[in-house]
Amino acid sequence: MKKMENKQLNSCHPSWRGYSLDELRYARMIALTRVEIEKAKLFDAAEHTRDNLPIVGSASSMSTVLRSISKLEYFIIAFKLFRKLAPLFKKKG
């Protein structure tokens, strides 16, 4: 990495001809590795948060139900609830 940093500092000099293909590949590999490490950290944090919620804990049967329901099924359930509850809020008159 120091090799590349030195070339970045010397990029103002007309004799510098840019990075080699190997240096670009190495820099790309490092960047992709960092992205994957951060993704893993985020997934671990999300898993830890989900497992520690009191309602949706890993021992809860509710958690397995919530994980198995797709977005379409959530929409259908919400629509059915809305149709049943909507008449309660209509104005009489």
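For this chain, numbers begin at 1 and follow the sequence in order. When reading the values below, keep in mind they use all heavy atoms of this one structure, side chains included, and skip hydrogens, waters and symmetry mates.
A search for side-chain contact (heavy atoms from CB on, under 4.5 Å) contacts involving E38 returns K41, not counting sequence neighbours. Partners of T33 under the side-chain contact (heavy atoms from CB on, under 4.5 Å) rule, at least two apart in sequence or in another chain, are M29, I37.
The aromatic rings of F79 and F75 lie parallel to each other, with less than 30° between the two planes, well short of the 60° mark.
Note that NZ of K80 is 8.0 Å distant from CD1 of I77, once rounded to the nearest 0.5 Å. The structure places CD1 of I76 at 12.5 Å from CG of L81, a figure rounded to the nearest 0.5 Å.
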